[in-house]
Amino acid sequence: MTQDKIDRINELARKQRSEGLTEEEKQEQYLLRREYIESYKRSLVSQLESTYIVEPDGTKRKVTKKDETPLN
């Protein structure tokens, strides 16, 4: 997500509050917001994939998705 797209999201939000948006602008705002959310999710998943939990006994285990929890 580029800074230009983030600026456009903010510009549309300000316009929506002040005077309202046309149907084309609403569609553009929706698509930009979806792209931003997907970008944010990818970034978060990437961070979590490189995160480890240190157990009280000093062992480390990789963070996994809930449905990928290994059986112990």
Show the nearest heavy-atom pair for residues R33 and A13, with the distance to one decimal.
NH2-CB, 4.4 Å

Got a sec, which hydrophobics cluster with V63, joining ILVMFWY side chains under 4.5 Å apart, including via others?
I53

CD/Q29 to NZ/K15 distance, rounded to the nearest 0.5 angstrom?
10.5 Å

Which residues share a side-chain contact (heavy atoms from CB on, under 4.5 Å) with S50, sequence neighbours left out
none

Quick one: CG on D7 to CG on L12, what's the gap to the nearest 0.5 Å?
11.0 Å

Summary of salt bridge (Lys or Arg N to Asp or Glu O under 4.0 Å) pairs that have at least one residue in residues 39-51, sequence neighbours excluded
E38-K41

Would you mind reporting whether E28 and R8 have side-chain heavy atoms less than 4.5 Å apart?
yes

Give the minimum heavy-atom separation between I9 and M1, together with the two atoms involved.
CD1-SD, 4.3 Å

Running the 4.5 Å side-chain criterion over Ile, Leu, Val, Met, Phe, Trp and Tyr, what cluster does V45 land in, apart from itself?
none

Does the pair K26/E23 count as a salt bridge with the N-to-O cut at 4.0 Å?
yes

Any side-chain heavy-atom pair of V54 and T59 under 4.5 Å
no

When you group the ILVMFWY residues by side-chain heavy-atom contacts below 4.5 Å and let the links chain together, are Y36 and Y30 in the same group?
no

Enter the distance from L32:CG to S39:OG here, rounded to the nearest 0.5 Å.
12.0 Å

Using distance alone, with no hydrogens and no angle criterion, decide if T2 and D4 have a side-chain donor and acceptor under 3.5 Å apart.
no

Closer than 4.0 angstrom, basic N to acidic O: yes or no for K60 and E55?
no

What residues form a side-chain contact (heavy atoms from CB on, under 4.5 Å) with S18, not counting sequence neighbours?
none

Return the CD to CG distance between Q27 and L31, rounded to the nearest 0.5 Å.
4.5 Å

Can you name the side-chain contact (heavy atoms from CB on, under 4.5 Å) partners of S46, sequence neighbours left out?
none

